[in-house]
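Have a look at the structure below, then the notes.
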Amino acid sequence: MTERAAVKAALKTQAVETPSWAYGNSGTRFKVFAQQGVPRDPREKLDDAAKVHEFTGVAPTVALHIPWDKVDDYAALARHAEDRGLRLGAINSNTFQDDAYRLGSVCHPDAAVRRKAVDHLLECVGIMDATGSKDLKLWFADGTNYPGQDDIRARQDRLAEALAEVYERLGDDQRMLLEYKLFEPAFYATDVPDWGTAYAHCLKLGPKAQVVVDTGHHAPGTNIEFIVATLLREEKLGGFDFNSRFYADDDLMVGAADPFQLFRIMYEVVRGGGLSGDVAFMLDQCHNVEAKIPAIIRSVMNVQEATAKALLVDRPALDEAQRAGDVLGANAVLMDAFSTDVRPLLREVREEMGLDPDPMGAYARSGWAEKIVAERVGGQQAGWGA
């Protein structure tokens, strides 16, 4: 197989998971901006996700968020997804939108609140059983705002206890993906603030616990590709939340702020064998002012372009330059790959997959946007309040 054919083959097998919440209404911390044609229930979210997969060919799974996607029959929801060529992906828990969680959830000083939070996580594992999902994705908004507010070490003990109970509930083919965030909403001490904390907990739990890297939630200047390389080396990289940040928060389209960073991250994924492994590539974005479905399509394409460039890095030339201590030569190899226009290559890949080579144009011509605006009238649009 030629190098070009190998690159094409890898791109055809890549899968990017889209999040159900990206299809609903969202906004800033101060205002949710409604759009016409927004889904009113999880089934309509899946209908929109099916269009993303139809035009990209590489978005076959959809992550759910509980309780935002709560239904009476999850097996039926899974069948609805299958009927549209999709599968249900990660189950995301919610321990941050209840009044009881004002001082935390699994780290709360009150055992009754911790029990409520853990029971919700166990409920999510039950939903995994019903949907066939293998990933439980955890993010905790737990933390403290003031010195002395709570015992930092005790909160870590509570977190470890909760995670251990949920871990024991997982099936043999299921895993726990633990996300970290620098802050949000805690201002003094966040209980899972960095990859080291997440890694330490996952290491103690066992092989079914792995770390999620959210590309938007790091301190300025953080070398995210180093984190990715290290977690891959330790076999603890479970997945990504792909997005961009222009300030301290995230949720903007992946590759929008720094496409070179996304390329560097994807190079380490390719270098570490993560592209052919069990790493989950999920978008975690909210489209507040732009049309949602085309924004998700564009995001999938951005991941594809970064991956294609990473696959085109001349590894033998890079290895030779690195062994020789040729600083500029090694850097030039990476820059040559990043500077490559991979759009013609990706058009060929799509044509070979039986897809329109222009996903954005194909969606615009499909009439789906006009159809959902006309049909989704009345009812309560999906989204989160602010």
Side-chain angles (χ1 to χ4, degrees), residues 15-27 32-35 37-56 58-97 120 123-128 130-139 177 179 212 214 239-243 250-254 280-288 290-300 303 368 372 376 379-386:
V16 179
E17 185 162 292
T18 69
S20 68
W21 53 95
Y23 299 98
N25 284 325
S26 58
V32 169
F33 302 103
Q35 296 184 19
V38 164
R40 296 161 296 182
D41 57 49
R43 291 171 180 266
E44 290 184 347
K45 292 179 183 179
L46 292 174
D47 294 342
D48 286 354
K51 291 299 172 182
V52 175
H53 184 47
E54 177 183 340
F55 295 115
T56 65
V58 294
T61 60
V62 182
L64 299 184
H65 193 291
I66 307 301
W68 296 347
D69 294 317
K70 195 174 184 67
V71 295
D72 294 331
D73 189 337
Y74 288 99
L77 186 65
R79 290 192 296 272
H80 183 84
E82 291 171 5
D83 288 344
R84 280 142 186 81
L86 301 172
R87 300 187 310 278
L88 297 181
I91 304 300
N92 291 252
S93 61
N94 183 321
T95 54
F96 54 87
Q97 280 192 315
H120 168 67
E123 174 195 10
C124 288
V125 179
I127 294 170
M128 294 167 64
T131 61
S133 172
K134 71 174 184 177
D135 291 340
L136 172 67
K137 191 155 157 295
L138 305 177
W139 168 65
L177 304 183
E179 182 181 355
V212 170
D214 183 311
F240 286 95
D241 275 0
F242 279 134
N243 48 58
D250 61 350
D251 288 347
L252 299 172
M253 287 172 52
V254 61
F281 301 100
M282 195 191 82
L283 303 179
D284 182 15
Q285 303 174 175
C286 292
H287 304 288
N288 305 335
E290 64 272 33
K292 299 178 187 301
I293 299 174
I296 297 170
I297 291 174
R298 172 58 68 188
S299 299
V300 172
V303 174
W368 184 255
I372 58 178
R376 294 176 185 172
Q380 180 67 43
Q381 289 185 324
W384 48 269

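- Taking every heavy atom of both residues into account, Val62 and Pro19 meet most closely at CG1-C, 4.5 Å.
- Interatomic distance, NE2 of His53 versus CG of Leu86, reported as 6.5 Å (0.5 Å rounding).
- Looking only at side-chain heavy atoms (C-beta outward), Val303 and Val58 stay at 4.5 Å or farther from each other.
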Q.
Tyr74 vs Ile91, test: side-chain contact (heavy atoms from CB on, under 4.5 Å). Steps then yes/no.
A. CA-CA 11 Å; Tyr74 288 99; Ile91 304 300; over 6 Å; no
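- Two residues are said to be in side-chain contact when any heavy atoms from C-beta on lie closer than 4.5 Å; Glu44 and Ile372 fail this criterion.
- Interatomic distance, Asp135 CG to Met128 CE, rounded to the nearest 0.5 Å: 6.5 Å.
- With respect to Lys70 and Glu123, a salt bridge is recorded, a charged nitrogen being found less than 4.0 Å from a carboxylate O.
- Of all heavy-atom pairs between Pro67 and Asn94, the closest is CD-CB, 3.6 Å.
- Under 4.0 Å is where a charged nitrogen must lie from a carboxylate oxygen, and between Glu82 and Arg79 no such pair does.
- The two atoms that bring Gly89 and Glu17 nearest to each other are CA-OE1, 3.4 Å, heavy atoms only.
- For the pair Asp251 and Asp284, the minimum side-chain heavy-atom distance is below 4.5 Å.
- Pairing each heavy atom of Asp214 with each of Glu179, the nearest pair is OD2-OE2, 3.1 Å.
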**Q.** Working for side-chain contact (heavy atoms from CB on, under 4.5 Å), residues Glu290 and Met253
**A.** CA-CA 10 Å; Glu290 64 272 33; Met253 287 172 52; 4.2 Å; yes
Q.
Test side-chain contact (heavy atoms from CB on, under 4.5 Å) on Met282 and Val212; report intermediate values, then the result.
A. CA-CA 10 Å; Met282 195 191 82; Val212 170; over 6 Å; no
Q. Is there a side-chain contact (heavy atoms from CB on, under 4.5 Å) between Leu88 and Leu46 once you walk through the steps?
A. CA-CA 9 Å; Leu88 297 181; Leu46 292 174; 3.9 Å; yes
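- Not one N or O on the side chain of Asn243 forms a donor-acceptor pair closer than 3.5 Å with the backbone of Gln285.
- In this structure, Asp47 and Tyr23 have side chains that are not in contact, with every pair of non-hydrogen atoms separated by 4.5 Å or more.
- Closest approach of Pro42 to Val71, counting heavy atoms only: CG-CG1, 3.8 Å.
- The main-chain N or O of Gln35 is found under 3.5 Å from a side-chain atom of Gln381 such that the two form a donor-acceptor pair.
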Q. Between Asp48 and Lys292, is a salt bridge (Lys or Arg N to Asp or Glu O under 4.0 Å) present by the stated rule, with each step listed?
A. CA-CA 9 Å; Asp48 286 354; Lys292 299 178 187 301; over 6 Å; no
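- When every heavy atom of Thr18 is checked against every heavy atom of Ala59, the shortest pair comes out as CG2-CB, 4.1 Å.
- Ring geometry for His65 versus Trp21: interplanar angle over 60°, hence perpendicular rather than tilted (30 to 60°).
- For Trp139 and Asn92, the side-chain atoms include no donor-acceptor pair closer than 3.5 Å.
- Rounded to the nearest 0.5 angstrom, Ser20 OG and Leu64 CG are separated by 5.5 Å.
- With sequence neighbours excluded, no residue forms a salt bridge (charged side-chain N to carboxylate O under 4.0 Å, His left out) with Arg43.
- Under the 4.5 Å side-chain criterion, counting only non-hydrogen atoms from C-beta, Leu77 is not in contact with Thr131.
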